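These numbers were taken from a predicted model, which means no experiment stands behind them. The basis for the numbers below is simple: all heavy atoms, side chains too, and nothing from hydrogens, waters or symmetry mates. Residue numbers begin at 1 in each chain, while the letters A, B, ... track the order of the sequences.
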Amino acid sequence: GGGGSSAAGLDPTPQTPVTVQAGFIPVIDVAALYLGDKQGFFTSRGIKLNVNTAQGGAALVPPVVSGQYQFAFSNIVSVLSARAQGLPLKVIASGSNSTAVAGKDVSMIRVPENSTIKSPADLAGKKVSVNTLNNLLQMLGDVAVSAAGGDPASVKFVELPFPDAVTALGNGNVDAMVTAEPFDTIASKGTRVIASPYLDMAKTSLTTSVYFTSEQQLQQNPKLFTALKAAIDESLTYANAHPDQVRAQLPSFMKIDPAVVGQVTLPTYAPGISKDSVDAFVKAAKRYNMVTADVSYDDLVWSGAAS
Amino acid sequence: MEVLEAPPSRRAGAAAPAPARRKRRPVAPVVGILIAAVLAELIPRSGLIAGDALPPLSSVLAELARDAGHAELWEAIGRTVRTWLIGLVLAVAAGVVVGFVIGLVPWLRAATASTVEFLRPIPSVALIPAVILIFGTGFQSGVTLIVYAGFWQVLVQVLYGVQDIDPVARETARSYRFSAWAVLRHVVWPTALPFVFTGIRLAASVALVLAITAELVIGTPGLGQLISVAQSSGATTEMFALVLVAGVLGVLVNVLFRLGERLTLRWHPSIRRAGGAR
Amino acid sequence: MTDMVEVRNLKKVYESQGRRIEAIRDITFTVARGEFACIVGPSGAGKTTLLKCLAGLLKPTAGEVVLEGSPVTGPPLGMAVVFQEYGRSLFPWKTVRQNIDLPLRQKGLPREKRDRLVSEALTAVDLGDAGRAYPWQLSGGMQQRVAIARAVAYEPHVLLMDEPFAAVDAQTRADLEDLVRTLWRDLGITTLFVTHDIDESVYLGERVIVLSASPTHVLDDVRIDLPTERNQVTTRATPDFAELRARVHRGIQDAKAGRPATGAVA
Amino acid sequence: MTDMVEVRNLKKVYESQGRRIEAIRDITFTVARGEFACIVGPSGAGKTTLLKCLAGLLKPTAGEVVLEGSPVTGPPLGMAVVFQEYGRSLFPWKTVRQNIDLPLRQKGLPREKRDRLVSEALTAVDLGDAGRAYPWQLSGGMQQRVAIARAVAYEPHVLLMDEPFAAVDAQTRADLEDLVRTLWRDLGITTLFVTHDIDESVYLGERVIVLSASPTHVLDDVRIDLPTERNQVTTRATPDFAELRARVHRGIQDAKAGRPATGAVA
Amino acid sequence: MKIVNRVLLALGLPVLLVALWWVTSANSTNYYFPPLSKILDWFGKLWLSARFGDDVVPSLVRLLVGFALSAVIGVALGVALGLTDALRRGAEPVLEFLRAIPPTVLVPVIALVAGIGDGSKILVIVSGCVWPVLLNTVEGVRAADEVMVDTARSFGLTRAARLRHLVLPAASPQIAAGLRQGLSIGLILMVIGEMFAATNGLGFSIVQFQRTFAIPQMWSGIILLGLIGFVLSALFTLIEKRALGWYLGLREAQKRNR
Ligand SMILES: Nc1ncnc2c1ncn2[C@@H]1O[C@H](COP(=O)(O)OP(=O)(O)OP(=O)(O)O)[C@@H](O)[C@H]1O
Ligand SMILES: Nc1ncnc2c1ncn2[C@@H]1O[C@H](COP(=O)(O)OP(=O)(O)OP(=O)(O)O)[C@@H](O)[C@H]1O
Ligand SMILES: [Mg+2]
Ligand SMILES: [Mg+2]
C-alpha cells in the first residue's frame with residue numbers, strides 16, 4: 001500500500017509525504033538507511049520509507065521493474081549483469097564501500113588455521129565456498145587467485161549459504177571460504193585470512209553495493225528520486241561518521257549475536273560512486289565471465305540530475 | 001437377528017471399552033514424538049553430524065519460548081496461515097473440479113494428458129520472477145504459487161480415484177438411471193474421496209512449504225521471511241526454532257484432516273476394520 | 001398383449017486381455033408386456049450377459065434389443081435390475097435405507113412417498129430393523145435382500161433379476177418368491193428372472209426360456225400353464241408342475257450335454 | 001473318533017458405528033475327526049460368523065474354539081475356506097490358475113505336483129479351459145467354482161465351506177456335491193458345510209446342525225444315518241431321506257418363528 | 001485410424017497453447033515475458049548441444065536414483081505403516097512434521113549431513129519424492145478388501161507371501177498414483193536441490209539464468225523441464241500399463257463394451 005507512490009510526477013514535501021517501497025536484503029550494508037530513516041533524513045524530505053526484505057538480489061529486480069518497489073539494494077555485480085542483459089536498471093546511490101584495509105575488509109578469503117594453503121594460488125583444485133555462484137564473491141575469489149599468480153579456472157567454487165559454509169569450512173567439506181560480514185567475524189574462530197580480494201582489485205575503497213531503480217521510474221518521478229538520493233546520501237555520510245550507531249542499529253533488522261555486533265568490520269559508507277570503481281568492477285566481471293557485455297559508467301549510474 | 005437398541009444404562013456399559021480405546025489412542029503418537037525428540041536432542045549433542053550447525057532440541061525450544069513472547073512471531077504465523085489457507089482452498093477446489101471433469105470425460109482426459117504432464121513438473125520456484133511481476137510481492141504471489149503446485153497434487157489423485165469406481169456399482173447407478181450429477185455425488189465422489197483426502201494432505205503440506213518458501217524468497221512478511229532473516233544473519237538456533245513452528249503447523253494440519261477423514265470415510269475398510277478382526 | 005421386449009439375433013463376444021469369448025452366439029425371443037419369463041441355463045451360459053444387454057449396460061456385438069418398440073442403447077426408463085453380484089451393487093458408503101432411497105430420489109419422488117416405499121420394501125424382505133445399518137454390517141443373504149428391496153421399492157415397469165435368491169435360506173426364498181409374484185401380478189411388471197433352480201423357474205414363471213451352454217442360443221421355450229394363483233405347497237405338488245419341471249430339467253441336461261433339445265418345442 | 005473341532009460357549013457381538021449386534025449368543029458343539037457336518041439356519045443367523053470364528057479369522061467375544069486340542073487364535077494350518085463372497089475372495093490380479101496355485105506354493109509343494117493338482121481341480125469343477133482367464137472375465141458361477149477348486153486343490157485337513165454352490169446351476173451343483181463327498185470320503189477331510197438348501201444338507205452331511213435365528217444358539221443336531229455311498233437319484237428318493245429332510249425343515253421353520261425345536265433332539 | 005485419433009487428441013491442446021503463446025508473446029517488450037520465438041531460439045542453442053550432456057544428463061541421473069530410492073523407501077515404509085496401526089499412529093506426527101519443512105530450508109541441512117556432492121542432491125529429491133509414495137501406499141494397504149485378506153490368512157499365506165501376492169497388488173493402483181506424483185515432485189526437487197551447492201545440472205542452469213537475468217534462456221530451461229516431465233510420464237504410463245494390466249482390464253472391460 002504505497003499511497004499511490006507509483007503514480008507519475010510525484011513531488012514529495014514534508015506536507016505531502018510520499019510512501020516509498022524499498023527492497024532490502026538483511027545485511028549490514030543497509031544499516032545506514034535504517035539509521036538515516038531513524039534520524040529523519042527521509043521524512044524531512046517528505047519520504048516515508050517502507051522496507052521489504054528478500055533473500056537475494058534476484059528476487060528484488062522484478063518488483064523494481066514492475067514499479068512495485070521504488071528502489072532496492074543489491075551488490076554491484078548483480079546490477080551489472082542485469083544491465084548487461086539489457087534490463088533497464090539504474091544505480092541511484094552507493095550502498096557501501098570496501099574498507100581498503102588489508103585483513104580487515106568486508107569480504108575476505110579464509111582457510112582453516114591448520115590448512116596447508118598459504119596463498120590464493122594454492123587453491124588450485126580446491127573447493128571454495130561462495131554464497132552465490134557467478135556473482136560477486138566468486139569474482140572476488142577469481143581476482144585473488146589471479147593476483148596471486150594462480151589459475152582461477154582450476155578452483156572449484158561451490159555454492160553454500162554463509163552459515164552452512166562456516167560449518168563446512170570447520171568440518172573440511174570445503175577448503176576455503178569467501179566471506180562477507182558478519183560471517184567473516186563468525187568464521188574467524190579457527191581460521192585465518194589468506195586474501196583481501198578488494199585490495200587485489202584496486203588499492204582504494206570500492207563501491208561494492210548500490211541502490212538501484214528502473215529507468216522508467218526515474219523518468220516518471222525525477223523529483224522523487226532526487227529527494228530520495230539526497231536522503232540516502234545524507235544517511236551514508238551520517239552512518240560513516242557514527243559507526244557505533246550503525247552497530248546499535250543491526251539487531252533491529254537482523255537476528256545477530258550481540259557478541260558479533262561489537263566485532264564485525266563495518267563497510268565504509270560514502271555518497272558518490274567513482275568512475276574508477278565502476279570500471280574496475282566491469283573489467284573484472286568481464287574478465288571472469290560474470291557479464292557478457294560492456295557496461296559504461298553513464299549507462300549504469302544515474303547522473304542525479306532532475307531534468 | 002436382534003439389534004440391541006441399548007437402553008441408556010446399557011449404552012453406558014457398551015461405551016465402557018470405547019474410552020479405553022480412546023485412552024490408548026494418543027499413546028503411539030506420544031511415543032513417536034518422544035523418540036524423535038530424544039534423537040533431535042542427542043544427535044546434535046553428539047556432534048557426529050554437522051558439528052555445531054545443528055542445535056540440540058532443548059536450545060531450539062528455549063529460543064522458541066523466547067520468541068513466543070513477541071507478537072512478531074504470532075503475526076508471522078497468522079500471515080503464513082492465511083496465505084496457506086487461501087491457496088490450499090483454491091488449489092483443492094480447482095483440483096477436484098477439474099479432476100472430476102477430466103476424469104469423467106474420456107476424450108477430455110486424452111486431450112489434456114500431455115499438457116498436464118508437461119506443466120506438472122515445472123517447479124513453482126522457477127516461476128517466482130514471473131509471478132512477482134504479475135502479482136507483486138504481497139501474499140497474492142504466495143497464493144498463486146501454492147495454487148500452481150497444489151493443484152496438480154489434487155488433480156492426479158482425483159484422476160486415479162475416479163478410475164477406481166467399482167464396475168458393478170457404476171452399472172447399478174446406470175441401470176437406475178442416475179442423473180450425471182447423482183452419479184457424481186453418490187458413486188464417483190465417495191469412491192474418489194479416499195484419494196481426494198490423500199491429495200489434500202499432499203497439497204496441504206506442499207502449500208505450507210510454498211507459503212514459507214515464497215515468503216523466504218520474495219520477502220512477503222510471514223514465517224518464511226523470519227526464517228530468511230535468521231538464515232542470512234547466521235542465527236541458526238532461531239532458524240530452527242522457526243522451522244520447528246513450520247513443522248508443528250504441518251502436524252496440526254494433518255490432525256485436522258485425519259479427523260475429517262474419520263468422519264467422512266466411516267464406511268471405508270481402513271476405518272471400519274477396527275471391528276474385532278484378529 | 002403387445003411385445004415389451006424383443007431380442008433379435010443377439011450376439012455378444014467379449015474381448016479383453018487377449019481372451020476372446022463368444023458368450024452369446026445367437027438369441028432371438030420376445031417377451032410380452034406384463035409377462036413373467038424365467039431364464040435358465042448352465043453356469044457360464046451367458047445369462048448375466050443377456051440381462052446386461054437387455055438393461056442397456058452392455059453393447060451387443062451384433063443384433064439388437066428392442067424395448068417397447070425402440071432399440072435399447074442405454075438403460076431405459078422405469079427398469080430395475082437386481083445384480084448377481086449383489087454385494088458389490090450396494091454402495092458401502094450409504095446405509096441400507098439410503099441405498100434403497102437413492103433411486104427413488106432419482107425418480108424425483110417426494111420425501112414422504114419415498115419414506116413409505118423404503119419402509120414397505122424393507123418390511124417385505126424382512127429387514128424392517130436393519131435400515132440404519134451399512135451393507136457391510138449385514139450377512140450375505142441380508143445384503144441380497146436389500147438389493148431386492150431396492151428394486152421392489154423402485155416400482156419398475158420392467159424388472160430384471162439375476163439369481164436374486166441365491167444367498168437366502170429356503171424359507172425366506174419361498175417368501176420372496178411369493179413377494180415377486182404378487183408384485184408382478186398387482187403392478188403388471190414385465191419380469192425377466194434368471195435362476196438356477198428349476199422348481200423355482202417353473203413355480204415363478206409364465207414361461208421358462210432354456211439357454212444352451214456357451215456359445216449360447218435358445219434351446220427350449222416352455223410355456224408354464226399353471227394357474228396364476230400359486231401356492232408354495234399345493235402348486236408344487238400338482239402333476240402339471242412335476243411334468244413341467246421334468247421338461248425343463250431335460251432341457252438343461254441337454255444343454256449341459258450340448259445336445260439339441262429333446263423336449264417338444266413349445 | 002476323536003474330536004477335531006470343539007466349539008465351547010461361543011459368543012460373538014459385533015460392535016461398529018454405534019450398532020451393536022449380538023450375532024451369536026451361545027453355541028456349543030463338537031465335530032469329530034473326519035466328520036461331515038452341515039450347518040443350516042435362517043439368513044442372518046450367524047453361520048458365516050461362526051465359520052469365521054472357526055477359521056480363526058474373527059475373535060469370539062466369549063467362549064472358545066478348539067481345534068485338535070489347541071485353542072484357535074489364528075488361521076490354523078491345513079485348513080481351507082470357501083467364502084460366501086466368492087467374487088471378492090479371488091485375487092483379480094491373478095489368473096484362475098495362479099489363484100489356485102498360490103496356496104499350494106505356500107505349502108511348498110514342488111512345481112509339477114502343483115501343476116497337476118491345479119489342473120485336476122480345474123477339471124473337477126469343469127473349468128478345464130478357463131485357467132488362463134482372470135476371475136473378472138468369468139461368470140458368477142464360474143468364479144464360485146474357482147474358489148471351490150482352490151480349496152479342493154489345497155487338500156486340507158479341515159474344509160469350511162460357506163454356501164459354496166449358491167451361484168451354480170442345478171446340474172453342476174449335483175456334480176459338485178458328489179465331488180465334495182468323494183473328497184471327504186477319500187481323504188478323510190473334516191468338513192463343515194454351510195447351506196440354505198435342506199435337501200443338500202441332508203444329502204451331503206453325516207450330521208446337520210440347525211441354528212436358530214440371531215442371537216444364535218444350536219436348535220437341533222440331526223444325525224443323518226444314510227449309507228455312506230449316496231446317489232443323487234436313489235438316495236434322494238428313499239423314505240429315510242424324506243423323513244430327515246422333513247425333520248430339518250421343521251427345525252428351520254421353528255428357527256424362523258423363534259420357537260424352540262419341536263423335532264426330537266438327536 | 002484409432003492411432004491417428006489418439007495422436008491428434010494428444011497433440012491438439014499443446015499445439016493450440018503453443019500457438020496462443022507464440023501469438024500473444026510475439027511483440028512482447030516485457031523483459032520477463034520474451035517472445036516465444038526468442039525462447040525457442042535459445043532452446044536450440046542451449047539444449048541441443050553439448051550442454052545436454054553436461055547439465056541435463058547429470059540431473060536426470062540424480063532424478064532417477066532419487067526416484068528409485070523414494071519408491072523403495074516409500075513403499076517399504078508405507079507397507080509397514082499401513083499394516084501396523086500402532087506404528088502408523090506413532091510415526092505419523094513425526095513424518096508430518098518432516099513433510100511440512102520447506103525443502104528450501106532443508107537443503108542446507110541435508111548438505112551438512114550428506115556433504116555437497118550428488119549424495120545430498122539425491123537426498124533432497126528423496127526428501128520430497130517419498131511422501132506421495134508413502135501416503136498413497138499407506139492408504140492403499142489399509143484399503144485392502146477384507147474378504148481377500150481373510151482368504152489369504154485362511155490359506156496360511158505367510159506374511160511375506162501376503163505382502164507379495166495380496167497387499168502390494170491390491171495397493172498397486174494407489175501406489176502408482178503416488179509414484180506418478182512422486183515423479184513430478186522429484187523433478188521439482190531436482191531443480192531445488194541444484195539451487196544450492198551445485199556446479200552443474202538443469203536446475204543449476206535455470207537458477208543461474210534467473211540470477212543473471214538471462215530470461216529467455218531461463219524460459220527455455222523451464223520448457224525443457226516440462227518436456228522431460230512429459231517424456232518421463234509417458235514412460236511411466238507404459239510401465240504402468242504392463243504392471244497394472246489386470247486393473248485396467250478390470251476397470252475398462254465395462255467401459256469398452258459400452
Ligand atoms: N467381463 C468379461 N470379460 C470376458 N469374458 C466375460 C466377461 N463376463 C463374462 N464373460 C464370459 O462370458 C461367458 C458368459 O458369462 P455370463 O456371466 O453371462 O454367464 P452366466 O450365464 O451368467 O453364468 P452364471 O450362471 O455362472 O452366472 C462366460 O464364459 C464368461 O467367462
Ligand atoms: N462386519 C459386521 N459388522 C456388524 N454386524 C455384522 C457384521 N457381519 C455380520 N454382522 C451381523 O451379524 C449377523 C450374522 O451375520 P452372518 O453373516 O454370520 O449371517 P449368516 O448366517 O451367514 O447369514 P446368510 O445366510 O444371510 O449369509 C447379522 O445380523 C449381521 O447383520
Ligand atoms: Mg451370471
Ligand atoms: Mg453368510
Side-chain angles (χ1 to χ4, degrees), chain D residues 16 48-49 51-58 72-96 98-108 132-138 143 146-147 150-162, chain E residues 75 79 82-86 136-137 139-179 239-258:
Chain D
S16 62
T48 301
T49 307
L51 231 54
K52 283 192 181 163
C53 289
L54 287 175
L57 294 168
L58 266 186
V72 169
T73 53
L77 219 78
M79 181 195 68
V81 184
V82 177
F83 289 88
Q84 185 174 13
E85 297 175 82
Y86 52 92
R88 283 168 62 195
S89 91
L90 300 174
F91 299 147
W93 46 85
K94 295 203 176 281
T95 63
V96 166
Q98 289 169 343
N99 262 290
I100 301 174
D101 187 49
L102 186 59
L104 305 183
R105 279 169 67 182
Q106 281 306 298
K107 266 185 148 182
R132 281 169 52 212
Y134 285 94
W136 40 271
Q137 294 176 316
L138 302 181
Q143 289 177 20
V146 174
R150 179 166 60 186
V152 165
Y154 192 64
E155 299 187 323
H157 303 308
V158 184
L159 178 58
L160 308 180
M161 303 180 105
D162 198 353
Chain E
V75 171
V79 167
L83 290 180
T84 350
D85 219 39
N136 273 292
T137 307
E139 298 307 318
V141 166
R142 295 211 309 149
D145 188 285
E146 292 145 306
V147 181
M148 285 185 207
V149 174
D150 280 353
T151 306
R153 277 161 42 93
S154 70
F155 278 109
L157 262 67
T158 58
R159 260 179 174 271
R162 286 214 304 266
L163 198 66
R164 178 157 134 52
H165 297 292
L166 170 64
V167 173
L168 284 179
S172 58
Q174 210 156 344
I175 294 178
L179 286 174
I239 298 169
E240 190 187 28
K241 273 214 172 107
R242 305 207 100 208
L244 290 186
W246 64 271
Y247 179 73
L248 301 174
L250 170 68
R251 294 302 178 212
E252 257 152 44
Q254 261 73 14
K255 277 187 226 159
R256 215 176 320 124
N257 285 314
R258 177 61 260 175

Which value, rounded to the nearest 0.5 Å, describes the distance between [X] atom [atom1] and [Y] atom [atom2]?
X        : Y        : atom1 : atom2 : answer
E:His165 : D:Asn99  : NE2   : CG    : 11.0 Å
E:Glu146 : D:Lys52  : CD    : NZ    : 7.5 Å
D:Leu102 : E:Arg164 : CG    : CZ    : 8.5 Å

Exercise for review: Tell me, with the steps shown, if E:Met148 and D:Ser89 meet side chain to side chain contact (heavy atoms under 4.5 Å, CB included).
Suggested key: CA-CA 5 Å; E:Met148 285 185 207; D:Ser89 91; 5.9 Å; no
**Study point:** Over all atoms of both residues, closest heavy-atom pair of E:Ser154 and D:Pro75
**Key:**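 Nearest pair, atom of E:Ser154 first, then D:Pro75: CA-CB, 3.9 Å.
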Review point. Where do E:Leu166 and D:Trp93 land on the side chain to side chain contact (heavy atoms under 4.5 Å, CB included) test, with the steps shown first?
Key: CA-CA 9 Å; E:Leu166 170 64; D:Trp93 46 85; 3.8 Å; yes
At a heavy-atom separation under 4.5 Å, does [X] approach chain E through its side chain, its backbone, both, or neither?
X        : answer
D:Arg150 : both
D:Leu160 : neither
D:Lys107 : neither

Review point. Has the side chain of D:Glu85 got a donor or acceptor atom that lies under 3.5 Å from a matching backbone atom of E:Val147?
Key: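 No; judged by distance alone, with no hydrogens or angles, the pair does not exist.
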Exercise for review: Using a cut-off of under 4.5 Å on heavy-atom pairs, state which of E:Ser172, E:Ala170, E:Ala161 scores highest against chain D.
Suggested key: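 Counting heavy-atom pairs under 4.5 Å, the top option is E:Ala170.
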Check your understanding: Of the options E:Thr151, E:Asp150, E:Asp145, which is the one that meets D:Arg88 in a side-chain hydrogen bond (donor to acceptor under 3.5 Å, both in side chains)?
Key ->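 Exactly one option meets the side-chain hydrogen bond (donor to acceptor under 3.5 Å, both in side chains) with D:Arg88, and it is E:Asp145.
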